[in-house]
A.B. asks: 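The structure follows.
In the text below, chain A, chain B and the rest are named by the order of the sequence lines, each starting its count at 1.
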There are 2 protein chains.
Amino acid sequence: MSTHTHLSAAESLITAQGGRVTRTRVAVLEILLAADQSLTHDEIGLALAEQGIKHDRVTLYRTLDWLVESGVAHKMAGDDRARRFGVAASGPHEHAHFHCDRCGKVVCLEGLQPAVAVNLPGGYQLDRAELVLHGACPTCGKGA
Amino acid sequence: MSTHTHLSAAESLITAQGGRVTRTRVAVLEILLAADQSLTHDEIGLALAEQGIKHDRVTLYRTLDWLVESGVAHKMAGDDRARRFGVAASGPHEHAHFHCDRCGKVVCLEGLQPAVAVNLPGGYQLDRAELVLHGACPTCGKGA
DNA sequence: GTGGTTTTGCAACATAGTAGCATTTGCGCC
DNA sequence: GGCGCAAATGCTACTATGTTGCAAAACCAC
């Protein structure tokens, strides 16, 4: 299975960033691309294990860091102390996140960055705004 | 110095929440009240030590948790994995934070919660919005 | 295939936060 | 003022998350 000339979306993304296409990288990126929510290092590691992909905790950290540095993925700090990762689908980091306070799930909400025309006190230079919405996701909200 | 009938702001706040007025609690709360920025557990611990107030790491965690639960202080997760604490001066948690990407300092920006009239995809129930602005603080911005 | 660089895997370390339990302390009550 | 009891503290040990250094392995250009 090496004569393929067809590259998967994950493989294309990786080569486009000038990185080597490795088992772990492809698998991690595919997991992130397939996920409808932000995943923790742990969840990704579990998914890898389920696919029978042997890997090291450290490798995964480094892979994720590389994806973030390359601008392919993005990292966000949650209320628990675990960082969550997701694919930065379109454009810059200008997208909001929705954090379900019941199941703890974090989803990316693309294209709804609001008018954050805040009037900052003097001297502050605004670079980018990060918006996290808290509430209940569709799944948890139904039960209420 | 125990015949005082006058209570400090910190002491009043503590008793108002039905908690006991202890050395550590008063000191921590006074530190938070005096701070112009959000502080990490570590920074607060250092400040306590400077005041010669003996304390335990665990006690500080518990004190801070209590303050947050009582609604006196608020907790926020930063990009580093340390939680930062600040006094929730006015009203609910409806205030934004400014994170200086150069010195890492986090300040609370009261009264500038923007119109987060975001149109959520179907099914999401918005509870509260958390806004974190990134950029340079006045001090760091000057040097640029 | 060969060579050189990137990436991985391992082991050890670092930091942030938590749990259980005995001791101390604040504070209401007498 | 002293007593008792619940709340708070301090200790030790532990968990979880993330990092560093280095040797071995894997990628990929040639």
Side-chain angles (χ1 to χ4, degrees), chain A residues 1-5 7 10-12 14-29 38-46 48-49 53-70 72-73 75-85 104, chain B residues 1-5 7-8 10-29 38-46 48-49 52-70 72-73 75-85 104 106:
Chain A
M1 59 181 183
S2 56
T3 50
H4 276 261
T5 43
L7 293 179
E11 286 169 340
S12 307
I14 293 169
T15 45
Q17 300 303 325
R20 287 187 178 171
V21 177
T22 67
R23 228 183 0 163
T24 313
R25 263 183 203 171
V26 175
V28 169
L29 193 42
S38 297
L39 300 172
T40 61
H41 160 271
D42 206 50
E43 290 165 339
I44 298 168
L46 205 62
L48 280 178
I53 294 177
K54 187 196 160 212
H55 67 286
D56 188 72
R57 243 163 46 82
V58 181
T59 302
L60 183 45
Y61 277 115
R62 287 196 275 232
T63 302
L64 290 168
D65 282 346
W66 180 83
L67 287 171
V68 172
E69 267 172 37
S70 306
V72 177
K75 178 166 66 176
M76 65 160 304
D79 278 349
D80 49 354
R81 96 197 94 130
R83 294 171 188 170
R84 287 166 184 277
F85 299 85
Chain B
M1 56 183 186
S2 55
T3 49
H4 276 261
T5 42
L7 293 180
S8 73
E11 286 169 341
S12 307
L13 268 169
I14 293 169
T15 45
Q17 300 303 326
R20 288 186 179 172
V21 177
T22 68
R23 228 182 2 160
T24 313
R25 261 182 203 172
V26 175
V28 168
L29 192 43
S38 297
L39 301 172
T40 61
H41 160 272
D42 206 50
E43 291 165 338
I44 298 168
L46 206 62
L48 280 179
I53 294 178
K54 186 196 161 212
H55 68 285
D56 188 71
R57 241 163 50 81
V58 181
T59 302
L60 185 45
Y61 276 115
R62 287 195 274 231
T63 302
L64 288 168
D65 281 347
W66 181 83
L67 286 171
V68 172
E69 266 172 37
S70 306
V72 177
K75 177 166 65 174
M76 64 161 303
D79 279 347
D80 50 353
R81 99 197 93 132
R83 294 172 189 169
R84 288 167 184 277
F85 298 85
V106 176

A.B. asks: When we call it a touch if two heavy atoms are under 4.0 Å apart, what does A:Thr22 touch: a base, just sugar-phosphate, or nothing?
C.D. replies: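 Sugar-phosphate contact only - A:Thr22 comes under 4.0 Å of backbone atoms but never of a base.
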
A.B. asks: Run A:Arg23 and A:His55 through side-chain contact (heavy atoms from CB on, under 4.5 Å) and show every step you take.
C.D. replies: CA-CA 9 Å; A:Arg23 228 183 0 163; A:His55 67 286; over 6 Å; no

A.B. asks: Let's test your reading of the model: under 3.5 Å, does the base of C:dT8 pair with the side chain of A:Arg62 as donor and acceptor?
C.D. replies: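 By the distance-only test, no, there is no pair.
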
A.B. asks: Just verifying a value: how many Å separate B:Leu29 CG and B:Thr24 OG1, rounded to the nearest 0.5 Å?
C.D. replies: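 Reported to 0.5 Å precision, the distance equals 12.0 Å.
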
A.B. asks: Round to a whole Å and report the spacing from CG of B:Leu29 to P of D:dA8.
C.D. replies: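 After rounding, the reported distance stands at 14 Å.
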
A.B. asks: Over how many whole Å does the gap from B:Arg83 atom CZ to D:dG18 atom P extend?
C.D. replies: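 B:Arg83 atom CZ is separated from D:dG18 atom P by 12 Å.
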
A.B. asks: Mind calculating the distance between CG (A:Asp79) and P (C:dA16) to the nearest angstrom?
C.D. replies: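 Distance check: A:Asp79 CG to C:dA16 P gives 18 Å.
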
A.B. asks: Checking all strands, does B:Arg23 fall into the base, sugar-phosphate, or nothing category for heavy-atom contacts under 4.0 angstrom?
C.D. replies: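 Touches sugar-phosphate only.
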
A.B. asks: What is the separation between atom OH on A:Tyr61 and atom P on D:dA16, rounded to the nearest whole Å?
C.D. replies: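 One finds 12 Å between P of D:dA16 and OH of A:Tyr61, rounded.
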
A.B. asks: With no angle test and no hydrogens, is the base of D:dT17 tied to the side chain of B:Arg81 by a donor-acceptor pair under 3.5 Å?
C.D. replies: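 Side chain to base: pair found, below 3.5 Å.
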
A.B. asks: Has the side chain of B:Arg57 got a donor or acceptor atom sitting under 3.5 Å from an opposite partner on the base of C:dA16?
C.D. replies: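 It does not, because no donor-acceptor pair links the side chain of B:Arg57 to the base of C:dA16 below 3.5 Å.
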
A.B. asks: Taking atom P of C:dT8 as reference, at what distance in whole Å does atom CG of A:Leu60 sit?
C.D. replies: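 About 10 Å, once rounded to whole Å.
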
A.B. asks: A:Thr40 side chain N/O closer than 4.0 Å to the phosphate oxygens (OP1, OP2) of D:dT17?
C.D. replies: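 For D:dT17, neither OP1 nor OP2 has a side-chain N or O of A:Thr40 closer than 4.0 Å.
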
A.B. asks: With a cut-off of less than 4.0 Å, is there a side-chain N or O of A:Thr24 near OP1 or OP2 of C:dT7?
C.D. replies: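 It does not, given that no N or O in the side chain of A:Thr24 lies less than 4.0 Å from OP1 or OP2 of C:dT7.
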
A.B. asks: Does a side-chain N or O from B:Thr63 land closer than 4.0 Å to OP1 or OP2 of D:dT9, or not?
C.D. replies: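 It does, given that an N or O in the side chain of B:Thr63 lies less than 4.0 Å from OP1 or OP2 of D:dT9.
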
A.B. asks: Indicate, yes or no, whether a donor-acceptor pair under 3.5 Å links the base of C:dT7 to the side chain of A:Arg20.
C.D. replies: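 No.
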
A.B. asks: Test side-chain contact (heavy atoms from CB on, under 4.5 Å) on A:Thr15 and A:Glu11; report intermediate values, then the result.
C.D. replies: CA-CA 6 Å; A:Thr15 45; A:Glu11 286 169 340; 5.7 Å; no

A.B. asks: Would you indicate whether the side-chain heavy atoms of B:Thr63 and B:Phe85 approach each other to under 4.5 Å?
C.D. replies: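 B:Phe85 does not reach B:Thr63 side chain to side chain.
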
A.B. asks: Could you state the NE2-P distance from B:His41 to C:dA14, rounded to the nearest angstrom?
C.D. replies: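 My rounded result for the distance is 19 Å.
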
A.B. asks: Assuming nearest nucleotide by heavy-atom distance, tell me which of A:Arg84 and B:Arg25 is located more 5' along DNA chain D.
C.D. replies: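 Checking each residue's closest nucleotide, the 5'-ward one belongs to B:Arg25.
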
A.B. asks: Just how far, in rounded Å, is C1' of D:dA8 from CG of B:Asp56?
C.D. replies: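 Computing the B:Asp56:CG to D:dA8:C1' distance gives 12 Å.
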
A.B. asks: Heavy-atom nearest nucleotide on DNA chain C for B:Val58 versus B:Gly19: which residue maps closer to 5'?
C.D. replies: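 Looking at DNA chain C, the more 5' nearest nucleotide goes with B:Val58.
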
A.B. asks: Side chains of A:Arg83 and B:Arg81, heavy atoms from C-beta outward: is any pair under 4.5 Å?
C.D. replies: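 When only atoms from C-beta onward are counted, B:Arg81 and A:Arg83 do touch, with a gap below 4.5 Å.
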
A.B. asks: Could you state the CG-P distance from A:Asp65 to C:dT7, rounded to the nearest angstrom?
C.D. replies: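 Going from CG in A:Asp65 over to P in C:dT7 covers 13 Å.
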
